[in-house]
Protein chains: 2
Amino acid sequence: MESPILATDVVVFNIRKWKLKVLLIKMNKEPFVWLWALPGWFIWEKELCLDAAHRILYEASSVSDLYIEQLKVFDAIDRDPKARIVSIAHMAIIKKDDLSIKTNDSYSDIAWFSVDELPVMAYDHLDIIKYWLERLEWKVTYSTLSLSLMPEKFTLSELQSVFEIVLKKDLDKRNFRKKLLKSWVIEDTGEKKTIGIPRPASLFRAINKDLEFVDLL
Amino acid sequence: MESPILATDVVVFNIRKWKLKVLLIKMNKEPFVWLWALPGWFIWEKELCLDAAHRILYEASSVSDLYIEQLKVFDAIDRDPKARIVSIAHMAIIKKDDLSIKTNDSYSDIAWFSVDELPVMAYDHLDIIKYWLERLEWKVTYSTLSLSLMPEKFTLSELQSVFEIVLKKDLDKRNFRKKLLKSWVIEDTGEKKTIGIPRPASLFRAINKDLEFVDLL
DNA sequence: CCAAAAGTGTTTTTGCTACACCCATGG
DNA sequence: CCATGGGTGTAGCAAAAACACTTTTGG
């Protein structure tokens, strides 16, 4: 009995310098030498798909502190020209700014790309990213996923800009603050961010570290 | 290199006699002889997951005219006691009332069950059904999935009862009609349903056969 | 005192909810 | 003329959207 081989590809993302960014690796193996791709690898026989995603990211970047969730199965027959491989795509959020980049046998480079300046990519990885972008807009609106993108403490303006970057539109400052405070997913730490010229901003933190489903906007 | 074996299990559903029903098959093979289960089988190497779902349903019930979509991957390590099998769960809508039931080597029986009177089930199929029920509530509210459950022509009251069954709550008749007519997903055929004692009801039809995302309720 | 971002309320508009009666038909 | 479900409108309320000025700080 023959079955497709199972793999996973992971969309690791973050917001850096006011841009939504994705982590890509540069392949140095056939069949797509020199093309960029999502980090991905095979799933072992006795391994959970989620664990496989964690393992792959750890191997690619030594990062293990992240939130991962399943996205969708990508299974076009010819998505991999060499073999019949079905991929379970995941999305992962990295908080830390510093990720120690590694390269190994299969990767010659690893880097962050803005979603509106993506390079030519291997396999169907562009499809995966497009699918994830749609899902992301929805998730940011209806869950506390946005908070997973923030550092431990953050200002309301910083949080608002995350929404604006993901949703690609401006939001009203007063309405935004009202809704977020009313939804009880963040709390005032009492501290102020006092490292700038303008008036110090209150620092907030997420009340719950886990992802919750809440209608935020 | 070892990879899990890929399979798919399909939640085939419908509304019959004012109940939300799922199609289950009775296994006559190890490891769950005499238990009920979702129709499911392995995915062949050169086959799309969606095609596999269609094939399985055709083999189980000779039905091919249905809408199928991917649900989620179920991959608990011990979900199958005999082998490492990862299942890509799908949901499928059958419209026709008459499905010619078949049994074969692996199935000794096939039948519809109400979702609130489910039998003891094999594998993690109860988890799959529970997950699907959550998703279904959402899909009915935010897409035209409900229309796929209707025959070619239907009355507004019939459509309303589909919502009420899936959402497990009563809806206001006037508000329901206003919202549905305002969302431009159905149109009046001009015909009337004249087979009863009460006043004849207008028959509507779906404007678009494909699934659309619309906020209906 | 100037630049820069923080912070704050009210009004208007919109959409949702709740609610009760008359209508058309077949027997 | 009766039983049965079909069909219709409005008023009140709550949430969303629109909108502009004052405050705090460092230089």
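Proteins get letters first, then strands, A, B, ... in listed order; numbering begins at 1 in each.
- A donor-acceptor distance shorter than 3.5 angstrom exists from the side chain of A:Thr144 to the backbone of A:Glu212, with no hydrogens or angles considered.
- Taking side-chain N and O atoms only, B:Lys179 has no distance below 4.0 Å to OP1 or OP2 of C:dG15.
- Although no hydrogens or angles enter the test, the distance criterion places no donor-acceptor pair under 3.5 Å between the side chain of B:Thr155 and the main chain of B:Ala201.
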**Complete:** Per-nucleotide protein contact along nucleotides 2-12 of chain D, 5' to 3', at a 4.0 Å heavy-atom cut-off (B base, S sugar-phosphate only, - neither), is --BBBBBBB--

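- Between A:Phe13 and A:Trp132, the two ring planes are tilted [angle within 30° to 60°].
- Between B:Leu171 atom CG and C:dA18 atom P there is a gap of 11 Å when expressed in whole angstrom units.
- Legend: residues meeting ring pair (Phe, Tyr, Trp, His ring centres under 6.0 Å) with A:Phe204, ordered by chain and number and at least two apart, are absent.
- The nearest whole Å value for the distance from the CG atom in B:Leu217 to the C1' atom in C:dC16 is 12 Å.
- Atom CG in A:Leu180 sits about 14 Å away from atom P in C:dG7, given to the nearest Å.
- Salt bridge status for A:Glu164 with A:Lys169: absent, with no side-chain N to carboxylate O gap under 4.0 Å.
- Across the protein-nucleic acid pair, A:Asp170 atom CG and D:dA18 atom P stand 12 Å apart, rounded to whole Å.
- Between the P atom of C:dA5 and the CD atom of A:Gln160 lies a distance of 13 Å, rounded to the nearest Å.
- Atom NZ of B:Lys182 is separated from atom P of C:dT14 by 12 Å (rounded to the nearest Å).
- With sequence neighbours excluded, the residues that form a ring pair (Phe, Tyr, Trp, His ring centres under 6.0 Å) with B:Tyr142 are B:Trp138.
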